[in-house]
Amino acid sequence: MATLLHIDSSVFPTEASSSRAVTEAFRTHWQEQHPEGTVVYRDLAAQPVPHINAAAHTAGFVDPASHTPEQAAAFAERVRLIEELEQADAVLIGAPMYNFSIPSTLKAWVDNVILIGRTAGETQSAKGTPVTIVASRGGAYGPGTPREGYEYVQNYLTAALADGLGLDVDFIVPELTMAPQNPAMAELIPLYEASRDRAFEEAAAKAKQLAERLAA
Ligand SMILES: Cc1cc2nc3c(=O)[nH]c(=O)nc-3n(C[C@H](O)[C@H](O)[C@H](O)COP(=O)(O)O)c2cc1C
């Protein structure tokens with residue numbers, strides 16, 4: 001039975017969040033394909049994970065038997081998050097663009113799960129796990145757009161999760177989501193609507209493809 005690790009990081013509730021709406025659609029299609037499957041859910045906005053501090057970082061480089069109480073507690077939290085990732089057959093992440101990059105709560109999760117010698121480096125304990133990332137953004141940052149160089153969500157998550165952890169990263173990108181609220185973007189509303197519709201179609205198609213791939 002397949003396990004999906006579903007992580008959201010938008011500060012908004014589902015009815016006001018582009019990324020949560022699409023991750024929820026993906027998850028619903030996933031569950032239709034895997035009625036017996038398990039979904040492990042993490043809402044990083046509601047329950048943030050700790051930021052990496054010196055104890056949590058240094059604990060990864062010394063024998064656990066020599067951990068101080070502070071290192072042991074911080075490391076146990078990291079291992080809990082790492083095991084969740086390692087045990088997942090697939091991962092779904094809502095990663096809205098906040099000031100050109102990912103929410104700090106999601107960055108904290110990434111910092112916890114990148115552990116040289118286990119998830120990263122030569123071993124890459126979650127290597128090959130498929131990860132679908134819903135990268136919503138108020139503007140547009142695709143190739144050829146004026147703001148292409150300000151795109152630090154897909155660029156960063158590809159570096160950290162695909163290159164760093166060896167995960168099989170795929171993106172769904174609902175863009176121009178600010179168009180309905182921003183009068184200066186009024187003429188972009190049709191493009192926003194097309195992007196939103198495409199994101200929901202991709203969520204359905206990718207959840208189904210993933211189910212078939214994991215069943216094969
Ligand atoms: C704190 C904050 C910062 C944002 N910064 C950007 C930005 O740099 N570029 C952009 O295109 N949109 C930006 N936006 C708009 C969001 O990317 C957009 O509303 C997106 O749909 C967010 O996804 P969500 O609704 O799931 O949170 C920002 C929104 C917030 C709340």
Side-chain angles (χ1 to χ4, degrees), residues 4-31 39-51 88 90-113 130-162 167 169-207 210:
L4 176 69
L5 172 59
H6 173 184
I7 297 171
D8 275 325
S9 61
S10 171
V11 294
F12 302 111
T14 302
E15 59 275 16
S17 161
S18 301
S19 61
R20 285 180 191 265
V22 177
T23 59
E24 186 179 82
F26 183 103
R27 174 184 173 150
T28 300
H29 288 289
W30 164 274
Q31 285 176 314
V39 177
V40 176
Y41 184 55
R42 268 199 181 273
D43 185 338
L44 295 174
Q47 291 181 304
V49 300
H51 280 109
V91 181
L92 171 65
I93 300 177
M97 177 183 281
Y98 291 165
N99 298 314
F100 310 120
S101 184
I102 60 173
S104 59
T105 51
L106 181 57
K107 178 62 162 59
W109 180 84
V110 171
D111 287 341
N112 274 280
V113 299
V131 182
T132 308
I133 299 172
V134 179
S136 54
R137 64 273 313 271
Y141 298 80
T145 59
R147 292 248 166 156
E148 180 181 358
Y150 289 73
E151 208 294 315
Y152 297 102
V153 173
Q154 290 177 265
N155 280 339
Y156 169 69
L157 290 173
T158 298
L161 302 184
L167 308 183
V169 172
D170 190 24
F171 290 98
I172 298 173
V173 185
E175 63 181 10
L176 299 168
T177 66
M178 295 297 292
Q181 289 111 57
N182 183 348
M185 295 174 72
E187 66 184 30
L188 298 170
I189 288 176
L191 287 179
Y192 150 70
E193 288 172 343
S195 174
R196 180 198 56 196
D197 294 350
R198 194 164 52 243
F200 282 111
E201 283 164 19
E202 284 183 8
K206 287 175 189 280
L210 202 52

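In listed order, ligands and their atoms are each counted from 1. Small disclaimer: the values here were computed from a predicted structure and weren't measured.
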Next item on the list: Can you label the angle between the Y150 ring and the F100 ring as parallel, tilted or perpendicular, going by 30° and 60°?
Entry: tilted
Checklist line | For V153 against A95, the heavy-atom pair lying closest together | finding: CG1-O, 3.8 Å
Notebook entry, point to check: Taking atom 7 (C) of ligand 1 as the point of reference, which of V134, L176, N99 owns the nearest heavy atom?
Noted result: N99
Next item on the list: Could you tell me whether the side chain of I93 reaches within less than 4.5 Å of the side chain of L106, counting heavy atoms only?
Entry: yes
Next item on the list: Measure the distance from atom 23 (O) of ligand 1 to every protein heavy atom, then report the residue, atom name and distance (to 0.1 Å) of the closest one.
Entry: S136 OG, 2.8 Å
Check: Can you list the atoms of ligand 1 that are under 4.0 Å from a heavy atom of T177?
Finding: 18 (C), 19 (O), 20 (C), 21 (O)
Item checked: Protein contact of atom 15 (C) of ligand 1 - nearest heavy atom, named by residue and atom, plus distance -> G138 N, 3.8 Å
Note to self: With no hydrogens and no angle check, just 3.5 Å: does a side-chain donor-acceptor pair link N99 and Y152?
What the structure shows: no
Checklist line | Identity and separation of the nearest protein heavy atom to atom 25 (O) of ligand 1 | finding: S18 N, 3.0 Å
Notebook entry, point to check: Under 4.0 Å from ligand 1, counting heavy atoms only, is it the side chain of F12, its backbone, both or neither?
Noted result: side chain
Checklist line | Check: R137 N/O within less than 3.5 Å of ligand 1 N/O | finding: no
Note to self: To check your reading of the model: name the closest protein heavy atom to atom 8 (O) of ligand 1, its residue, and the distance in Å.
What the structure shows: F100 N, 2.9 Å
Notebook entry, point to check: At their closest point, which heavy atom of S17 faces which heavy atom of F12, and how far apart are they?
Noted result: CB-O, 3.7 Å
Notebook entry, point to check: Is it true that a side-chain atom of E151 and a backbone atom of N155 form a donor plus acceptor pair closer than 3.5 Å?
Noted result: yes
Next item on the list: Considering non-hydrogen atoms only, spot the tightest contact between P174 and S195 and give its length.
Entry: CA-OG, 3.5 Å
Next item on the list: Return the residue, atom name and 0.1 Å-rounded distance of the protein heavy atom closest to atom 9 (N) of ligand 1.
Entry: Y141 OH, 2.8 Å
Check: Which atom names give the shortest non-hydrogen contact between R20 and A45, and what distance separates them?
Finding: NH2-CB, 3.6 Å
Item checked: Heavy-atom nearest option to atom 11 (O) of ligand 1, drawn from A140, S10, G139 -> G139
Next item on the list: Identify the protein heavy atom lying closest to atom 2 (C) of ligand 1, giving its residue, its atom name and the separation to 0.1 Å.
Entry: Y98 CD2, 3.5 Å
Note to self: Within the 4.0 Å heavy-atom shell around S17, which atoms of ligand 1 are there?
What the structure shows: 24 (P), 25 (O), 26 (O)
Next item on the list: Around atom 14 (N) of ligand 1, find the nearest protein heavy atom and jot down its residue, atom name and distance.
Entry: M97 O, 3.4 Å
Next item on the list: Indicate the atoms forming the closest heavy-atom contact of A25 with F200, along with that distance.
Entry: CB-CD2, 3.7 Å
